[in-house]
Novice: 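One structure, as structure tokens, below. Some questions next.
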Amino acid sequence: RCKEVTLISNITQYVPAFRQCISFNGSNKIFNCDMHSIIQSDVHRGGTGIVYNNKNNTIMNCIVKNFSDGIVIEGDNCKLINNIIENNRYGIMVRGNGFIINNTILSNSHGIEIEGNATILNNKILSSEEEGIHLARSTSVISKNFITNSIVGINSTLSNIEMNSNVVCNNNEIDLYSENWQNSTGVNNTCDNPDGWDDEEKEGCTYKCGEQKLTEKPSKLPEKPPYQEPNYNNYIIITIILITILLTVFVIWYKKFKK
């Protein structure tokens, strides 16, 4: 019945095909690995690291390696936050809907596979053997991700996506790919090979890989203020006041001295 479960040591074990190392069937739970590892001992990438069903669950701070499916979301409104997902066949599989935020997804065959709907925000997706992100019949938001060194950066199949401010560069075959982008939209993306993708009011991505993004014009040097004539009247008034004070002091002193 606890709200948060914390992993206190690494898990390394053999997980057979079609089986899960960790499965959560409850709702409104947090599974916090505290940066401990969940590792499949079989080099052939069998089984599933973590499966989350039902709704409103969070997986955070986990290192998941060497599975067929690293993390699978089958519920609604689930969150994956700050995980390292490495050397799996599918790094993350989303069959329900959820949020994938601030993860490092490294050296998987497929980085993220979306068969439901997701918000994919601020992730590093590196060196996937196939796609960095693949979406199939999905309505998803992809923003501020860094995707590089995959065969294909982002592959969209029959999906409507919103894609903003991603850097998708140095992928081996193509950065962005779809046979039909449908009603997908986006702004401020960076890529070299967009394959028919156009940012709003742009041809291709807004920026080329390696291109400097100038978000504002350089500031100008401050201009010198215009010359103003000094106000001599103020000096005269101050001088008269000082003289008056000195004369008054002298008169008082003189009278006392004469006595």
Side-chain angles (χ1 to χ4, degrees), residues 1-7 11 13-33 36-40 42 44-106 108-123 125 128 130-143 145 154-162:
R1 295 183 181 180
C2 56
K3 183 177 179 181
E4 181 168 346
V5 177
T6 301
L7 189 63
I11 299 174
Q13 68 178 58
Y14 168 69
V15 179
F18 310 110
R19 298 291 297 274
Q20 299 89 34
C21 182
I22 295 174
S23 178
F24 278 85
N25 296 313
S27 297
N28 305 305
K29 304 289 185 183
I30 297 173
F31 180 53
N32 185 353
C33 292
H36 289 99
S37 298
I38 301 169
I39 301 174
Q40 161 70 284
D42 183 1
H44 298 294
R45 295 177 172 179
T48 300
I50 304 173
V51 175
Y52 249 143
N53 299 304
N54 289 333
K55 60 184 179 181
N56 301 326
N57 291 311
T58 299
I59 303 171
M60 61 190 300
N61 302 325
C62 295
I63 302 171
V64 182
K65 299 174 68 173
N66 302 345
F67 291 92
S68 177
D69 301 328
I71 299 177
V72 177
I73 295 176
E74 294 183 338
D76 295 326
N77 197 35
C78 292
K79 300 178 179 68
L80 304 183
I81 303 172
N82 196 41
N83 301 286
I84 298 173
I85 304 166
E86 182 178 357
N87 195 39
N88 305 280
R89 185 163 174 260
Y90 289 91
I92 296 172
M93 173 79 72
V94 178
R95 297 192 181 105
N97 63 76
F99 299 83
I100 303 171
I101 303 171
N102 290 339
N103 300 280
T104 298
I105 303 162
L106 172 65
N108 303 279
S109 295
H110 308 264
I112 302 175
E113 180 79 11
I114 307 295
E115 296 177 358
N117 304 313
T119 296
I120 305 171
L121 174 65
N122 202 33
N123 300 280
I125 306 171
S128 301
E130 298 293 336
E131 304 103 340
I133 301 174
H134 179 231
L135 307 103
R137 290 182 168 85
S138 174
T139 302
S140 293
V141 177
I142 306 173
S143 295
N145 300 282
I154 298 175
N155 182 359
S156 175
T157 303
L158 300 175
S159 296
N160 290 308
I161 60 177
E162 181 181 335

Novice: Sequence neighbours left out, what pairs pass side chain to side chain donor-acceptor pair (under 3.5 Å) with at least one residue falling in residues 88-97?
Specialist: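 Residue pairs passing side chain to side chain donor-acceptor pair (under 3.5 Å), neighbours aside: Glu74-Arg95, Asp76-Asn97, Asn88-Asn108.
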Novice: Going by side chain to side chain contact (heavy atoms under 4.5 Å, CB included), name the residues that satisfy it together with Glu130, two or more places apart in sequence or in a different chain.
Specialist: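 Checked Glu130 against side chain to side chain contact (heavy atoms under 4.5 Å, CB included); matches are His110.
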Novice: Do Ile11 and Ile39 have side chains that approach each other closer than 4.5 Å (heavy atoms only, starting at C-beta)?
Specialist: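 Side-chain contact under 4.5 Å: no.
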Novice: On a heavy-atom basis, which atom in Gly46 and which in Phe67 lie closest, and how many Å separate them?
Specialist: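 So the two residues come closest at O-CD2, 3.5 Å.
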Novice: Roughly how far, to the nearest 0.5 Å, is the CE atom of Met60 from the CG atom of Asn102?
Specialist: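 One finds 10.5 Å between CG of Asn102 and CE of Met60.
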Novice: Is a side-chain donor or acceptor of Gln40 paired with a backbone partner of Lys65 at a separation under 3.5 angstrom?
Specialist: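 Pair absent, no side-chain N/O of Gln40 close to backbone of Lys65.
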Novice: Going by side chain to side chain contact (heavy atoms under 4.5 Å, CB included), name the residues that satisfy it together with Asn28, two or more places apart in sequence or in a different chain.
Specialist: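 Only Asn56 meet the side chain to side chain contact (heavy atoms under 4.5 Å, CB included) criterion with Asn28.
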Novice: For Phe99, give me all partners under ring pair (Phe, Tyr, Trp, His ring centres under 6.0 Å), at least two apart in sequence or on another chain.
Specialist: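 Listed in chain order: nothing, the list is empty.
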Novice: Heavy-atom count around Lys79 NZ within 6.0 Å, excluding the residue itself: above 12?
Specialist: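 Yes, the 6.0 Å shell around NZ holds more than 12 heavy atoms from other groups.
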Novice: For the residue pair Gln13 and Cys21, establish whether any side-chain heavy-atom pair is separated by less than 4.5 Å.
Specialist: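 Heavy-atom side-chain distance check passes, below 4.5 Å.
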Novice: Can you tell me how far CG of Asn61 sits from CZ of Phe31, rounded to the nearest 0.5 angstrom?
Specialist: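 Answer for the CZ-CG pair, Phe31 versus Asn61, is 10.5 Å.
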Novice: Let me confirm one number: the CD1-CD1 distance from Ile114 to Ile73, rounded to the nearest 0.5 Å.
Specialist: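 So the CD1 of Ile114 and the CD1 of Ile73 are separated by 7.5 Å.
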Novice: Who passes side chain to side chain donor-acceptor pair (under 3.5 Å) against Ser109, sequence neighbours left out?
Specialist: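 Listed in chain order: Arg45, Glu129.
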Novice: Between atom CD1 of Ile50 and atom CD1 of Ile71, what is the distance when rounded to the nearest 0.5 Å?
Specialist: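 The CD1 atom of Ile50 sits 4.5 Å away from the CD1 atom of Ile71.
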Novice: How close do Ser138 and Gly116 get, heavy atom to heavy atom, and via which atoms?
Specialist: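 Residues Ser138 and Gly116, closest heavy atoms: OG-O, 2.7 Å.
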Novice: Under the ring pair (Phe, Tyr, Trp, His ring centres under 6.0 Å) test, which residues partner Tyr52, sequence neighbours left out?
Specialist: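 Applying ring pair (Phe, Tyr, Trp, His ring centres under 6.0 Å) to Tyr52 gives Phe24.
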Novice: Val94 and Asn117: which non-hydrogen atoms are nearest, and at how many Å?
Specialist: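 It is CG1-O, 4.0 Å.
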Novice: Are the side chains of Asn32 and Glu4 in touch, meaning some heavy atoms are under 4.5 Å apart?
Specialist: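 Yes. Closest side-chain heavy atoms under 4.5 Å.
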Novice: Is there a side-chain contact between Leu135 and Ile154 in this structure, where contact means two heavy atoms from C-beta onward sitting under 4.5 Å apart?
Specialist: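 Yes, at least one pair of side-chain atoms sits under 4.5 Å.
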Novice: Checking Asn122 side chain against Asn145 main chain: does a donor-acceptor pair fall under 3.5 Å?
Specialist: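 No; zero donor-acceptor contacts below 3.5 Å.
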Novice: Is there a side-chain contact between Ser23 and Asn53, using heavy atoms and a 4.5 Å cut-off?
Specialist: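 Side chain of Ser23 against side chain of Asn53, heavy atoms only: contact under 4.5 Å found.
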Novice: Checking Ser27 now: which residues fulfil side chain to side chain donor-acceptor pair (under 3.5 Å) with it, not counting sequence neighbours?
Specialist: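 Ser27: no side chain to side chain donor-acceptor pair (under 3.5 Å) contacts found.
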Novice: Measuring only between side-chain heavy atoms, which start at C-beta, is Ile22 closer than 4.5 Å to Ile38?
Specialist: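 With C-beta onward as the side chain, the pair touches.
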Novice: Does Ile112 form a side-chain contact (heavy atoms from CB on, under 4.5 Å) with Ile120? I'd like the steps, not just the answer.
Specialist: CA-CA 9 Å; Ile112 302 175; Ile120 305 171; 4.0 Å; yes
Novice: Run the side chain to side chain contact (heavy atoms under 4.5 Å, CB included) test against Arg137 and tell me which residues pass, sequence neighbours left out.
Specialist: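 With neighbours one apart ignored, the set is Leu158.
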Novice: Passes side-chain contact (heavy atoms from CB on, under 4.5 Å), Ile30 versus Asn57? Steps please.
Specialist: CA-CA 6 Å; Ile30 297 173; Asn57 291 311; over 6 Å; no
Novice: Any chance you could measure Ile161, atom CD1, to Ile142, atom CD1, to the nearest 0.5 Å?
Specialist: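 Going from the CD1 atom of Ile161 to the CD1 atom of Ile142 covers 4.0 Å.
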Novice: Using the disulfide bond (SG atoms under 2.5 Å apart) rule, collect all pairs that involve residues 47-91, keeping only residues at least two apart or in two chains.
Specialist: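 Pairs touching residues 47-91 that pass the test: Cys33-Cys62.
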Novice: Hey, could you give me the CD1/CD1 distance between Ile85 and Ile125, rounded to the nearest 0.5 Å?
Specialist: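 Answer rounded to 0.5 Å: 9.5 Å.
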Novice: Can you name the side chain to side chain donor-acceptor pair (under 3.5 Å) partners of Asn103, sequence neighbours left out?
Specialist: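 So Asn103 forms a side chain to side chain donor-acceptor pair (under 3.5 Å) with Asn83, Asn123.
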Novice: Verify side-chain contact (heavy atoms from CB on, under 4.5 Å) between Lys3 and Lys29, making sure each step is shown before the conclusion.
Specialist: CA-CA 5 Å; Lys3 183 177 179 181; Lys29 304 289 185 183; 5.7 Å; no
Novice: Answer yes or no: is there a side-chain heavy-atom contact under 4.5 Å between His134 and Thr157?
Specialist: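 With C-beta onward as the side chain, the pair touches.
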Novice: Would Leu80 and Ile92 count as a side-chain contact (heavy atoms from CB on, under 4.5 Å) here? Give the steps.
Specialist: CA-CA 9 Å; Leu80 304 183; Ile92 296 172; 3.6 Å; yes
Novice: Is any side-chain heavy atom of Ile59 closer than 4.5 Å to a side-chain heavy atom of Ile81?
Specialist: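 Result no, sub-4.5 Å side-chain heavy-atom pair not found.
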Novice: Please identify each residue that fulfils side chain to side chain donor-acceptor pair (under 3.5 Å) with Glu162, with sequence neighbours left out.
Specialist: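 Checked Glu162 against side chain to side chain donor-acceptor pair (under 3.5 Å); matches are Asn164.
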Novice: Can you name the residues that form a side chain to side chain contact (heavy atoms under 4.5 Å, CB included) with Thr48, not counting sequence neighbours?
Specialist: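 Only Gln20, Val51, Asp69, Val72 meet the side chain to side chain contact (heavy atoms under 4.5 Å, CB included) criterion with Thr48.
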